[in-house]
Amino acid sequence: MDEDFPTAASEYFGSMVESYDSLIRRAVPRYDEMTARLLDYTPREAETVLELGCGTGNLSVRLAHRYPAASLTLVDGSTEMVAVTRSRIENSAVPLVNEPTYYAVRFESLALPDCSFDVVVSSISLHHVADKESLYRRIRALLRPGGRFCFADQIRGESESNHRVNWDQWLDFCREPGNCSRDEIESLLEHATAHDHYVPLSEHIALLSDAGFVEIDCVWRNSMWGIVTATAA
């Protein structure tokens, strides 16, 4: 690996904040559809909402439109990404009742009171966390009983052969004309090797169940990309 390659996922994305919105749509098939569908499975009303991995605010702005009266807490490991999200929210036309709270911190270091949220969401971020057992238990603790946890992410195939098919389909998409350059693909692959921790759907379900979630479901799937929903028991 290049010695100048970022050593943390937050550093990687912080270094590409200006190109992120373009790249994510060229590297993630049906990205906007997936983000929109994610919100379809969140409750219509919520007082408190937590987003893990706000990035440049693509989902955050949608959350602001869906929950203008809620208290939004937006978290990302990259200071640069949080600054972009804050700017986008401030410049949006959404008449928010409450000023959002922003944290530039790794999920594992996030210190918030238990039973603080009605909804926790995340889009293409949780695969950066290796210890998903602890993460899911922490998210369950942050949710009030009956609260909803909905996330979109990369999901490993149940078999190695399935995962290989999905992985190759993703690379084929990246190589389509107008999508990713050779250098961008190489950078994405280096990042995946260094920072990504994919697990199959069955493992997500088992870990979520052990953490105290019920009604666990995969409500949308496109090759290696999927949306998982769960309810805090």
Side-chain angles (χ1 to χ4, degrees), residues 6 8-110 112 116-129 135 139 142 148-154 180 184 188 191 195-196 220 225 227-229:
S10 58
E11 295 177 10
Y12 175 78
F13 290 111
S15 68
M16 57 183 290
V17 64
E18 293 183 0
S19 61
Y20 179 84
D21 281 347
S22 170
L23 179 60
I24 199 167
R25 288 173 170 84
R26 292 182 286 111
V28 178
R30 297 162 62 184
Y31 170 75
D32 288 309
E33 176 192 342
M34 181 170 66
T35 305
R37 290 295 303 277
L38 174 63
L39 288 183
D40 287 344
Y41 293 94
T42 60
R44 292 186 178 276
E45 296 182 359
E47 294 182 359
T48 51
V49 179
L50 170 65
E51 181 186 3
L52 299 175
C54 62
T56 56
N58 292 322
L59 180 59
S60 310
V61 172
R62 290 178 181 266
L63 286 169
H65 280 278
R66 186 168 179 82
Y67 301 113
S71 295
L72 303 179
T73 300
L74 310 174
V75 179
D76 199 278
S78 164
T79 302
E80 295 87 350
M81 291 292 193
V82 171
V84 172
T85 296
R86 182 192 295 269
S87 177
R88 290 187 66 178
I89 293 288
E90 290 176 349
N91 292 319
S92 71
V94 185
L96 291 174
V97 173
N98 305 293
E99 178 71 19
T101 301
Y102 301 90
Y103 290 99
V105 64
R106 291 169 59 90
F107 306 156
E108 301 91 329
S109 303
L110 185 63
L112 293 169
S116 296
F117 297 98
D118 300 310
V119 178
V120 176
V121 299
S122 183
S123 178
I124 318 182
S125 293
L126 301 186
H127 63 276
H128 294 134
V129 179
L135 175 68
I139 291 171
L142 290 171
R148 289 284 281 171
F149 175 35
C150 305
F151 68 91
D153 212 343
Q154 291 141 296
C180 301
E184 286 174 329
L188 288 168
H191 166 78
H195 304 299
D196 291 358
W220 184 93
W225 309 91
I227 297 174
V228 176
T229 62

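Two residues are said to be in side-chain contact when any heavy atoms from C-beta on lie closer than 4.5 Å; Val121 and Leu50 fail this criterion. No side-chain heavy atom of Asp118 sits under 4.5 Å from any side-chain heavy atom of Val49. Between Phe117 and Leu112 the shortest side-chain heavy-atom distance falls below 4.5 Å. Side-chain contact between Arg37 and Arg30 is absent, with no heavy atoms from C-beta onward closer than 4.5 Å. Looking at heavy atoms from C-beta onward, Arg148 lies in side-chain contact with Thr229 at the 4.5 angstrom threshold. Side-chain contact between Cys54 and Tyr102: absent, with no pair of heavy atoms (C-beta onward) separated by less than 4.5 Å. In this structure, the side chains of Val82 and Leu74 stay at 4.5 Å or more apart for every pair of heavy atoms.
Distance alone, capped at 3.5 Å, places no donor-acceptor pair between the Thr101 side chain and the Thr73 backbone. His65 places no side-chain N or O within 3.5 Å of a backbone atom of Arg62 that could act as its donor or acceptor partner. Within the 3.5 Å criterion, the main-chain N or O of Gly55 finds a donor-acceptor partner in the side chain of Thr85. Of the possible donor and acceptor atoms, none in the side chain of Thr56 sits under 3.5 Å from a partner among the backbone N and O of Val84.
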Just do the side chain to side chain contact (heavy atoms under 4.5 Å, CB included) check on Leu135 and Glu108 with the steps written out, would you?
CA-CA 7 Å; Leu135 175 68; Glu108 301 91 329; 6.0 Å; no

Side chain to side chain donor-acceptor pair (under 3.5 Å) between Tyr103 and Asp76, worked out:
CA-CA 7 Å; Tyr103 290 99; Asp76 199 278; over 6 Å; no

Dump the intermediate steps for side chain to side chain contact (heavy atoms under 4.5 Å, CB included) on Phe107 and Leu126, then the final yes or no.
CA-CA 9 Å; Phe107 306 156; Leu126 301 186; 3.9 Å; yes

Should Phe151 and Ile124 be marked as a side chain to side chain contact (heavy atoms under 4.5 Å, CB included) after you check the CA-CA gap, both sets of side-chain angles, and the distance that decides it?
CA-CA 8 Å; Phe151 68 91; Ile124 318 182; over 6 Å; no

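Counting only N and O atoms by type, the side chains of Tyr67 and Thr42 include a donor and acceptor under 3.5 Å apart. For Arg26 and Ser22, the side-chain atoms include at least one donor-acceptor pair closer than 3.5 Å.
In this structure, the separation between CD1 on Ile89 and CG on Leu96 is 6.5 Å, given to the nearest 0.5 Å. Note: Ile139 CD1 to Leu52 CG = 5.0 Å, rounded to the nearest 0.5 Å. Ser123 contributes atom OG, which lies 8.0 Å from atom CG of Asn58 (distance to the nearest 0.5 angstrom). For the atom pair CE (Met81) and CZ (Arg86), the distance works out to 16.0 Å, reported to the nearest 0.5 Å. For the atom pair CG (Leu39) and CE (Met34), the distance works out to 11.5 Å, reported to the nearest 0.5 Å. Of the inter-residue distances, the one linking Asp196 atom CG with His127 atom NE2 reads 4.0 Å to the nearest 0.5 angstrom.
Pairing each heavy atom of Pro43 with each of Val119, the nearest pair is CG-CG2, 3.5 Å. Of all heavy-atom pairs between Ser78 and Glu80, the closest is OG-OE1, 3.0 Å. Closest of all the heavy-atom pairs between Trp225 and Pro29 is NE1-CD, 3.4 Å. The shortest non-hydrogen separation linking Asn98 to Ala69 is ND2-O, 3.2 Å. Among all heavy-atom pairs drawn from Leu72 and Leu63, the shortest one is CD1-C, 4.5 Å. The nearest pair of heavy atoms linking Val94 to Ala64 is CG1-O, 3.3 Å.
Residue-environment remark: CD (Glu45) stays at or below the threshold of 12 foreign heavy atoms within 6.0 Å. Around CD of Glu47, the count of heavy atoms belonging to other residues, nucleotides or ligands within 6.0 Å does not exceed 12.
Shown here are the side-chain hydrogen bond (donor to acceptor under 3.5 Å, both in side chains) partners of Ser87, two or more places apart in sequence or in another chain: Asn91.
Ion pairing of Arg66 with Asp40 is absent here, as no side-chain N (NZ or NE/NH1/NH2) approaches a carboxylate O to less than 4.0 Å. Ion pairing between a basic and an acidic side chain is recognised when a charged N comes within 4.0 Å of a carboxylate O; Asp32 and Arg25 show such pairing.
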